[in-house]
**Q** 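The following block contains the structure, expressed as structure tokens.
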Amino acid sequence: MNIRSILFASMLFAATNACAQYYTGQQETWLHKAEACKPAIKTTIHHPIAEVAIVKDTKAFQGFKAEKTGDITDLYSKSFKQKKEVVVDFGRHLVGRVSFKIKDIGPMQDAVLRFKVTFGEVPSDLGLPIEPFTGNLSRGWMQDFVVDVSYDGTCTISRRIAARYMKIEAVGTSVYSDFCFDNITFEATTSAGESKANLAATTPQIFKDIAHVSENTLKDCMQGVFEDGPKRDQRLWMGDLYLQALANTASFQEYNLTKRCLYLLAGLANPKNGLLYSNMVEYPKPHAQVTFFVDYALSYTLTLLDYLNATGDKETATELWPVAKRQIDAVLEQAVDKNYLYSNTGYQFKDMMFSMVFFDWSPDNLDKHAAIQAYLTYIIDHAYTLASKIGKANEVKDYPAISKKLRAAGRKAYWDADHKIVVSGKDKQLSYTCTSWAVLADLINAKEARQALKNVMNSKSAITPGTPYANHFLVAAMLHCGMNNEAKKFVEDYWGGMVKLGADTFWEYYVPDNQMFSSYNGYTLLNSYCHAWSCTPIYFIVNYPDIFQK
């Protein structure tokens, strides 16, 4: 960085702080409170349970499966110089540090040994070629390494790993010496304790399995914060946080972790306009990525309300209430027109470098007008509930009237009463996501909601979800309007579909008819196969026992 850039950055920082308007003097305190909630990281030691081969199989997920090929004890006794390559299976998805040690079985090691080590969360991670790399995120996310083992015979992979499978290839050995492996260790980490979820004995096995994989997913994402994916992006995203909080309340009940995340996000908010950034990284010290996702910022209210309901901690909820309220007020100020329609189609907000509305990574171009109209209505309703619980209802006494007008405007704009469908945008697009939010926000009544959901799911032209994140809200919408059997079947088919394909943690993307879907320029190796926003079936299974536990 040249001197002009440094001076400009300094001036910009000074100007931003000089114009600070929100949370004056509070954000440093919030960051300290977040630090006080930092969890202890628990570790467990794991070793490979089998040697496997990654083989092609058209019936397997993404065309590859792992087949057991040998006795793991051979790895610790027979020449690896002759073997040259192995894939080992740790038996389940793990997150943490990996190390290995070799030992001489012939003449002493007389040279540095070189290995290529590659990790995979699913078999296709090792079956598909990394090169040519065509993804639109960093090549650095790939978990492949060239490592050297010196005379001490030990090697520790330089960064934290998220994987089940490990491929080791010898690429540089001595002509004089020989060796085998002495130990391969995966030191797994999590901040989760034991699950508090107790399912009834009558719970069908498929839902027991789904619940177990849900908890595995959440557990591996619970580190110093609720991470979105321990392989990628290894950070706290607000949208994922809300779903993780729901799943945590139903399972591990590590409420201090939720509290920590709420304080971190508040402590890192833009001090000039009070808006929350979409995500943050924990190390080397907490810092935010300067992006604003409208729906993610609004979700802060939902996470804070869930935390209050779960813990009764009115002190924290009251302290952070202004942060939740500010997100709503900013959207009402900058994005809603005089007709009570969300009309900020560019989704740009003052003093924010980059803004967007998310809702889903869809295989098709999703129009989000109806979804954000309904979502804002839904958030305002829940904000009023939150305010009422902490004695702040007088601050938002106009919210019920605003919600009513938003709901009426949304119904008028997006409900096609003749065809019993929810439409969105100038082309009157049909989508599962817009329909889900119209149902959840009561833009339409329960009878209309049931018909709208059935119609959109029967439509060949409707835009379908690309992520478990969007599908969570589809299930929530079904339950909201009384489509209990349909919700049960969807969870069984969708998340159960991943289980039947061998998932031991749930994936970032799952499109049953397009297993190679990826939003990263179609490069599936960037996909995360342990991803926070897919962990929520445990929430449904625990909270709707009459539906899922019988």
Side-chain angles (χ1 to χ4, degrees), residues 59-61 91-93 121-122 164 190 192-222 226 240 242-254 306 309-310 432 436 439-440 450 453-454 457 464-465 467-513 515 528-550:
K59 295 181 180 179
F61 178 62
R92 56 150 292 184
H93 186 278
E121 294 186 292
V122 291
R164 174 171 175 169
T190 181
E194 294 299 318
S195 174
K196 311 298 192 299
N198 292 308
L199 304 187
T202 55
T203 305
Q205 187 61 46
I206 185 60
F207 291 110
K208 289 180 181 178
D209 294 341
I210 292 170
H212 176 68
V213 177
S214 294
E215 290 182 333
N216 283 350
T217 307
L218 180 60
K219 182 177 183 179
D220 282 357
C221 292
M222 292 170 71
F226 278 116
D240 299 72
Y242 171 52
L243 298 192
Q244 287 170 293
L246 292 178
N248 177 58
T249 297
S251 58
F252 300 108
Q253 299 178 9
E254 300 285 357
D306 178 75
N309 288 339
Y432 288 46
S436 297
V439 172
L440 286 167
R450 290 189 289 272
L453 283 167
K454 290 175 182 176
M457 295 180 76
T464 57
T467 64
Y469 179 76
N471 277 315
H472 166 89
F473 296 109
L474 174 62
V475 174
M478 291 176 181
L479 294 169
H480 182 68
C481 68
M483 294 175 64
N484 296 346
N485 291 334
E486 291 86 347
K488 182 178 183 179
K489 186 176 189 307
F490 190 90
V491 171
E492 180 176 356
D493 290 348
Y494 186 75
W495 280 274
M498 285 187 262
V499 170
K500 290 172 183 176
L501 285 168
D504 57 358
T505 53
F506 287 130
W507 308 326
E508 179 180 15
Y509 301 111
Y510 178 50
V511 180
D513 295 332
Q515 293 182 5
S528 167
Y529 294 99
C530 174
H531 212 77
W533 68 24
S534 64
C535 72
T536 53
I538 186 65
Y539 163 78
F540 294 124
I541 293 167
V542 168
N543 286 282
Y544 296 88
D546 289 343
I547 299 172
F548 295 100
Q549 296 187 38
K550 293 183 178 179

**Q** Check whether R450 reaches the backbone of C481 with its side chain - one donor and one acceptor, N or O, closer than 3.5 Å.
**A**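 Confirmed, R450 side chain pairs with C481 backbone.
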
**Q** Using modelled atom types only, decide if a donor and an acceptor are shared between the side chain of Q549 and the backbone of T202 within a distance under 3.5 Å.
**A** no

**Q** Relative to each other, are the rings of F61 and W507 parallel, tilted or perpendicular (30° and 60° limits)?
**A** parallel

**Q** After noting the C-alpha distance and the side-chain angles of L501 and Y510, does the key distance pass the side chain to side chain contact (heavy atoms under 4.5 Å, CB included) rule?
**A** CA-CA 11 Å; L501 285 168; Y510 178 50; 3.8 Å; yes

**Q** Are the side chains of I547 and L479 in contact, using a 4.5 Å heavy-atom criterion?
**A** yes

**Q** How about CD on E194, more than 12 heavy atoms from neighbouring residues, nucleotides or ligands closer than 6.0 Å, or not?
**A**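 At most 12 heavy atoms, drawn from other residues, nucleotides or ligands, come within 6.0 Å of this atom.
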
**Q** May I ask you to test the Y494-I210 pair for a side-chain heavy-atom distance under 4.5 Å?
**A** no

**Q** Could you tell me whether the side chains of S195 and E215 share a donor-acceptor contact shorter than 3.5 Å?
**A** yes

**Q** Tell me if the aromatic rings of H531 and Y509 count as close, with their centers under 6.0 Å from one another.
**A**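 Ring-ring flag for H531/Y509: false, centres at least 6.0 Å apart.
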
**Q** So, the side chain of T217 versus the backbone of F506: is there a donor-acceptor pair under 3.5 Å, distance only?
**A** yes

**Q** Rounded to the nearest 0.5 Å, what's the gap from CG on N484 to CZ on F548? Could you check?
**A** 8.0 Å

**Q** Just so I know, are the side chains of K488 and F540 near enough to count as touching, which here means a heavy-atom distance under 4.5 Å?
**A** no

**Q** Is the backbone of D306 close enough, under 3.5 Å, to the side chain of Y242 for a donor and an acceptor to pair up by distance?
**A** no

**Q** Working to the nearest 0.5 angstrom, can you tell me the gap between T464 OG1 and M457 CE?
**A**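 T464 atom OG1 to M457 atom CE measures 10.0 Å (nearest 0.5 Å).
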
**Q** Ignoring hydrogens and geometry, is there a side-chain-to-backbone donor-acceptor pair from K196 to F252 under 3.5 Å?
**A** yes

**Q** Is there a side chain to side chain contact (heavy atoms under 4.5 Å, CB included) between I538 and L218 once you walk through the steps?
**A** CA-CA 10 Å; I538 186 65; L218 180 60; 5.6 Å; no

**Q** Where the side chain of E254 meets the backbone of G193, is there a donor-acceptor pair that is under 3.5 Å apart?
**A**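 Yes, because the side chain of E254 sits within donor-acceptor range (under 3.5 Å) of the backbone of G193.
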
**Q** Are the side chain of T467 and the backbone N or O of A470 linked by a donor-acceptor pair below 3.5 Å?
**A**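 Between the backbone of A470 and the side chain of T467 there is a qualifying donor-acceptor contact (under 3.5 Å).
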
**Q** Hey, are the side chains of H472 and Y539 touching, using non-hydrogen atoms and a 4.5 Å cut-off?
**A** yes

**Q** Would you compute the distance between atom CG of L453 and atom CD of E486 and round it to the nearest 0.5 angstrom?
**A**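 Going from CG on L453 over to CD on E486, the span is 9.0 Å.
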
**Q** Side chains of F226 and D240, heavy atoms from C-beta outward: is any pair under 4.5 Å?
**A** no

**Q** Do you know which two heavy atoms are closest between Q515 and A60, and how far apart they sit?
**A** OE1-O, 3.8 Å

**Q** Do T505 and D220 pair up side chain to side chain, a donor and an acceptor below 3.5 Å, judged on atom types alone?
**A** no

**Q** For residues L199 and V542, determine if any side-chain heavy atom of one lies less than 4.5 Å from a side-chain heavy atom of the other.
**A**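 Side-chain contact under 4.5 Å: yes.
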
**Q** Determine yes or no for a side-chain-to-main-chain donor-acceptor pair under 3.5 angstrom, with N248 supplying the side chain and Q244 the backbone.
**A**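 No: the side chain of N248 does not pair with the backbone of Q244.
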
**Q** Just say parallel, tilted or perpendicular for the rings of F490 and W495, cut-offs at 30° and 60°.
**A**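 Aromatic pair F490/W495 classed perpendicular.
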
**Q** State the SG-CE distance between C535 and M222, to the nearest 0.5 angstrom.
**A**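 Answer rounded to 0.5 Å: 9.5 Å.
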
**Q** Answer yes or no: are there more than 12 heavy-atom neighbours, outside H480 itself, under 6.0 Å from its atom NE2?
**A** yes

**Q** What distance separates I541 CD1 from T203 OG1, expressed to the nearest 0.5 Å?
**A**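 Nearest 0.5 Å value for the CD1-OG1 distance: 8.0 Å.
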
**Q** Using 0.5 Å steps for rounding, measure from the CZ atom of R164 to the CZ atom of R92.
**A**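 The CZ atom of R92 is 10.0 Å from CZ of R164, to the nearest 0.5 Å.
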
**Q** State whether the side chain of S534 and the backbone N or O of P468 hold a donor-acceptor pair below 3.5 Å, judged by distance alone.
**A**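 Absent.
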
